[in-house]
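What follows is one structure encoded as structure tokens, with my remarks underneath.
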Amino acid sequence: MENIIENSETRGQWKSFWGLIKEANVPWYLYFLTLGMDILSAKLFVKLPVLLGDIMEGMIFNGNLVFDYSLISLANLVFSFLTILVFNIVDLKINISGTVGVWNKIIQLPMKRIISEGASSLTSRVTNDSTGLGLALSGIFNLFSTICSILLVYLEMLRVNKNLTLLLLVVPLWVVFSMKIIGRLAYGAQKNIQDNLSTLTSYLSIQLPNIKQIKSYGMETQEFIKGKAIIEEQYHSEMVMARVNIVSNSLTLMTNLLNNLIVLGYGTFLMSQQQLSLGAFTTFFVFVTQGNLNAGMSVILMYYQNIKTGLGCCSKIAEIMKANSELLNVGETLLGEALEQALYFDSVSFAYNDKIILDDVSFCIPKNKLTVIVGTNGSGKSTLLKLIERLYQPNSGNIYYGKENIQKYSLNEWRRQISYAIQNSPLMFGTIKENLVYGVTASDETELLSLTSSLGFDIKDSAKFLNAQVGEMGEHLSGGQKQKLSIIRSIAKDASIYLFDEITDALDSTSDCKVLELLTEKLKNKTIVAVTHDINMVKAADYVVFLENGRCVETGKHEELLQQSKNYRSLWSY
């Protein structure tokens with residue numbers, strides 16, 4: 001039973017790996033080129049021990065023999081150099097290709113999958129795990145070329161002495177046994193290393209941006225202890241791999257020893273029986289100690305360990321690559337009158353990890369109006385916006401744009417018509433201008449400066465202002481400035497629907513009023529959906545949707561709801 005389970009796991013590893021290979025842009029021609037050069041080099045190399053044996057038989061003064069030996073040695077050196085050079089290029093190409101492929105897959109994953117994996121963990125998958133692809137693939141080709149080289153050696157040795165060659169076949173059986181041990185140990189050890197490395201990367205990438213908070217709460221010691229524990233876990237997993245390497249090296253030494261003992265023991269016995277000449281014995285001895293046999297058997301174990309290590313690296317990204325991607329360009333385009341429609345939620349329910357967020361929600365968002373969504377914390381307000389943008393899909397029910405289900409339109413087309421700004425919206429690393437025009441197909445610099453001025457930015461030198469670096473996570477700016485820039489960025493995008501999630505939360509009352517004025521002026525006759533606790537925005541809204549515990553309990557204008565609903569009045573402490 002254990003063998004059946006093990007074989008099933010092994011098949012699963014290889015199936016996942018070959019699935020990953022299909023997704024990668026593998027430079028197969030370079031792999032086969034190096035394989036061909038390796039085999040040609042091996043064919044040349046097997047001639048050297050035979051020539052050396054002839055020389056040992058007393059033909060050292062044969063000029064042609066010495067010339068042939070020197071020429072073949074030089075040719076073998078050239079081919080070996082070229083093989084190493086090309087293989088290094090191939091490794092770089094496949095690693096880059098693998099990293100690009102994983103990154104491309106990750107940015108097309110649905111939000112549910114990204115959140116379940118964790119952004120920081122996925123960072124580790126891109127930067128660390130993808131390198132296993134080149135390690136495993138180059139290991140496969142190197143293993144194949146080494147086996148070919150060893151077969152050539154055995155064929156040459158058969159011509160010299162059949163009995164000694166047949167006895168040496170015991171060694172490959174020992175190597176196969178060793179490969180099984182090393183492969184199983186290396187795969188598990190490397191998989192554990194990658195998982196722990198992902199945990200360490202996640203911890204550091206989350207805690208380092210929050211270093212100010214750690215210091216302000218005096219949590220340096222506690223965070224040091226947490227970090228130390230995670231680092232020690234990584235150390236222990238690396239130590240397991242170090243033990244695997246020790247086992248691998250020990251098996252390699254035993255393989256070489258077995259080869260040497262067979263040649264020295266049985267070879268001297270055959271010489272004593274006059275069944276093996278000194279030249280033939282020298283040929284065998286060179287084949288084993290300096291030729292491809294000992295070295296070949298050793299690297300077979302090393303390459304197989306590399307293959308299993310690479311499979312361990314790739315195990316998680318193979319799983320990610322098999323996940324369903326968002327179908328960005330499948331569906332219809334939005335043209336003409338379709339760009340200005342009301343949004344309808346029809347019995348929409350949504351749950352995340354079995355937790356119900358929205359339960360049978362139905363309401364209308366009128367076109368070209370300001371609609372606000374209000375409610376207590378955890379009532380599903382922000383989730384509504386994510387469903388509109390199709391970052392999530394409803395578990396049941398439908399969302400309509402006019403008479404058409406929004407699923408009808410391609411994701412790229414749909415999201416192109418939506419501008420989205422959130423509370424504490426992150427800024428991209430780069431300049432202020434690069435952030436303001438992010439995702440904007442066409443931008444007017446004068447308009448951008450006008451928008452920033454209207455929100456209170458002091459612009460004395462426009463070029464200097466726009467080219468100023470925002471720093472990592474916008475650390476060169478205040479919280480209010482970052483929020484204002486994200487609002488300007490969303491307004492700068494020429495969209496049909498604008499989604500705002502608590503965008504005035506980090507602003508002072510003066511800036512709050514300026515933002516509201518900017519929205520009503522610049523986005524007049526646009527469909528705006530805003531999640532907010534800002535009473536000024538609620539009063540200015542054309543329509544209010546009131547949520548409680550994931551259900552839509554009231555809709556209408558602010559003054560109407562104050563009259564109709566006690567719960568709505570309590571929301572504003574009336």
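At distances below 3.5 Å, not a single donor-acceptor pair connects side-chain atoms of Ser379 with backbone N or O atoms of Asn549. Not one N or O on the side chain of Trp572 forms a donor-acceptor pair closer than 3.5 Å with the backbone of His533.
Heavy-atom minimum distance, Leu370 versus Ala530: CD1-CB, 4.4 Å.
A donor-acceptor contact closer than 3.5 angstrom is absent between the side chains of Lys369 and Thr527. For Thr504 and Asp534, the side-chain atoms include at least one donor-acceptor pair closer than 3.5 Å.
Between Asp494 and Lys526, at least one side-chain N (NZ, or NE/NH1/NH2) sits under 4.0 Å from a carboxylate O, which counts as a salt bridge. A salt bridge is absent between Glu233 and Lys228: the closest approach of a Lys/Arg side-chain nitrogen to an acidic carboxylate oxygen does not fall below 4.0 angstrom. Using a cutoff of 4.0 Å between basic side-chain nitrogens and carboxylate oxygens, Lys386 and Glu389 are not scored as salt-bridged.
Around atom CD of Glu232, more than 12 heavy atoms belonging to other residues, nucleotides or ligands sit under 6.0 Å away. By the neighbour-count criterion of 12 heavy atoms within 6.0 Å, atom CZ of Phe224 is sparsely surrounded, having that number or fewer from other residues, nucleotides or ligands.
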Exercise. Side chain to side chain contact (heavy atoms under 4.5 Å, CB included) between Leu523 and Leu518: does it pass, once the steps are laid out?
Worked result: CA-CA 8 Å; Leu523 302 182; Leu518 190 62; over 6 Å; no
N/O donor-acceptor pairs under 3.5 Å from side chains in residues 100-108, not counting sequence neighbours:
from	atom 1	to	atom 2	distance (Å)
Asn104	OD1	Gln108	NE2	3.0
Lys105	NZ	Met321	O	3.4
Lys105	NZ	Ala323	O	2.5
Lys105	NZ	Ser325	OG	2.6
Gln108	NE2	Asn104	O	3.3

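A side-chain contact (heavy atoms from CB on, under 4.5 Å) with Leu466 is found for exactly one of Val437, Leu449, Asn435, Thr431, namely Leu449.
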